[in-house]
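Notes to accompany the following structure.
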Number of protein chains: 2
Amino acid sequence: MSPTTRARARKGEGDQLRRDILAAAEELLTVEGSADAVSVRAIAEQVGVTSPAIYMHWKHKDDIFTEVCSIRFAEFSSRVMANVQGEGPVLDRLAEVARAYMAFAEEHPEQYRVLFMQPVSAVPDGAPPTAGAMAFQMVVGVLEAAVAEQEMRELDPVTTAAALFAAIHGAASLVVDRHEDIPVPEPAALVEAVIDVSFHGIAAGPAKP
Amino acid sequence: MSPTTRARARKGEGDQLRRDILAAAEELLTVEGSADAVSVRAIAEQVGVTSPAIYMHWKHKDDIFTEVCSIRFAEFSSRVMANVQGEGPVLDRLAEVARAYMAFAEEHPEQYRVLFMQPVSAVPDGAPPTAGAMAFQMVVGVLEAAVAEQEMRELDPVTTAAALFAAIHGAASLVVDRHEDIPVPEPAALVEAVIDVSFHGIAAGPAKP
DNA sequence: CAGATAGCTTACCACTGCTAACCCAGAACG
DNA sequence: CGTTCTGGGTTAGCAGTGGTAAGCTATCTG
């Protein structure tokens, strides 16, 4: 595979290298398990190019991985959005979003970490929405529907969305970080528990057995 | 302050340097905001010593910061444990734990990140419990009391503890990471929302207006 | 065919975690 | 008192990192 050298692209076809770098970066990311463990030189070698060539397309190393992971998440989230447009109880749809979110974290832990588990400084004006903003908006949208359909207590949708997002994000984070010092249930069981708790609470309700 | 040189310790007093290194590491950690941004050389310079001297006391750089942060968390958690022994409804105590946990994340974000926001591989047998294990155990303990006092629905304490821990951890993580792409409420408001949702759920209950 | 330029490479910098080898003041021992 | 031993460091350096400045060259354009 990985050629040690590479034919120079023709004029106007520089984007081919860009695409190849993204692919190589993603492959190395999943192999190594973290962006820190993948060096710019390693990416360059994988595509058969020297490292400064990378900096023609991105200003910083981190930008490469952010782009890689955003692409993967956008693909995922459009799939989920399509599945969630359906009918039925709104809270069921919300549960589906939570399950899908956990599935993404489980299948793409490195991408999840890059997108959701590092500081996000203020996004410049006019920049495309971050993965976090998209995910959050999904939750807000469903919650507003739940309010409209009266499936939800009267709570502020944005604050409540933050609480729910935090809960699911926390569960996904525990899975991604493989916290072996804590008895974390299987991902599927954990997300069901989070859904159950978030929807019905833990308090002994007046009308619940 | 930071002396460029330093009197050599007497025999048997090597631990003085060890303590000074821990203090310098913590100070630099809070100044820089992340452990990655603090180099071993910087710590060494701060205490007036050369960098290999550090490796007399720790095998790896990360071990220094883990120790620094564990000390801080142990101090915090014993304070909370004492406050939580009191009487009153169990769920109120649980809420207090959640608030305290968020307060720790808010006041010591760098420490929180080191302790709870990176992969934790299996702890060697006989090692002291990690901060995560201690925090989790706090939640389990309170939950078992809640079950005993019938303040809680009949749920598996460990699975439920994981869900609650995930929720609080997610909220703290959002705060620590300063997710500026998401409308995260103030820490205090966020933790109240998480508590409210976790205790009572969001679903329109049969007996709630 | 001449010049411009996209698409790279060579060479390098300052810095990182970490190690091997050495030095040396003072405690312990004869 | 003199010698040896050793805890508590230092000097020097390795392999690797992200990133940059400057130059080269194949291709396109006038």
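Below, chains carry the letters A, B, ... as their sequence lines are ordered, and counting in each starts from 1. Values below: all heavy atoms of this structure, side chains included; hydrogens, waters and symmetry mates excluded.
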Does any N or O in the side chain of [X] come within less than 3.5 Å of the main-chain N or O of [Y], such that one atom is a donor and the other an acceptor?
X	Y	result
A:Glu180	B:Ala122	yes
B:Arg99	B:Val191	no
A:Glu151	A:Leu91	yes

(request) Compare side-chain N and O positions of A:Lys61 against OP1 and OP2 of D:dG18 and report whether any pair is under 4.0 Å apart. (result) yes
(request) Look at the side-chain N and O atoms of B:His60 and state whether any lies under 4.0 Å from the OP1 or OP2 oxygen of C:dG17. (result) no
(request) Select from B:Val38 and A:Leu17 the residue whose nearest nucleotide in DNA chain C is closer to the 5' end of that strand. (result) A:Leu17
(message) Counting only heavy atoms not in B:Gln16 (residues, nucleotides, ligands), do more than 12 fall under 6.0 Å from its CD?
(response) yes
(message) Would you say CE of A:Met81 has more than 12 non-hydrogen atoms from neighbouring residues, nucleotides or ligands within 6.0 angstrom?
(response) no
Whole-Å distance separating the [atom1] atom of [X] from the [atom2] atom of [N]:
X	N	atom1	atom2	answer
B:Glu45	D:dT11	CD	P	14 Å
A:Trp58	D:dG19	CH2	P	13 Å
A:Met56	D:dG23	CE	P	18 Å
B:Glu32	C:dT16	CD	P	10 Å
A:Ile54	C:dT9	CD1	P	10 Å
A:Glu13	C:dC8	CD	C1'	15 Å
B:Asp36	C:dT16	CG	P	12 Å
A:Asp62	D:dT17	CG	C1'	13 Å

(message) Let me spell it out: for each of A:Ala42 and A:Lys59, pick the nucleotide of DNA chain D with the closest heavy atom. Which residue's pick is nearer the 5' end?
(response) A:Ala42
As a test of reading the structure: which of [options] is closest to the side chain of [X], going by heavy atoms?
X	options	value
B:Val40	D:dG9, C:dA20, C:dG17	C:dG17
B:Arg41	D:dG13, D:dG9, D:dC5	D:dG13
B:Lys11	C:dA27, C:dA11, C:dC8	C:dA27
B:Tyr55	C:dA25, C:dT19, C:dA11	C:dT19

(message) Regarding A:Ser39, tell me which of base, sugar-phosphate or nothing describes its non-hydrogen contacts under 4.0 Å with the strands shown.
(response) sugar-phosphate
(message) Just to be sure I understand the rule, does A:Ala9 reach a base, reach only the sugar-phosphate, or reach nothing, if contact means heavy atoms closer than 4.0 Å?
(response) sugar-phosphate
(request) Please confirm whether any donor atom in the side chain of A:Arg8 sits under 3.5 Å from an acceptor in the base of D:dT25, or the reverse. (result) yes
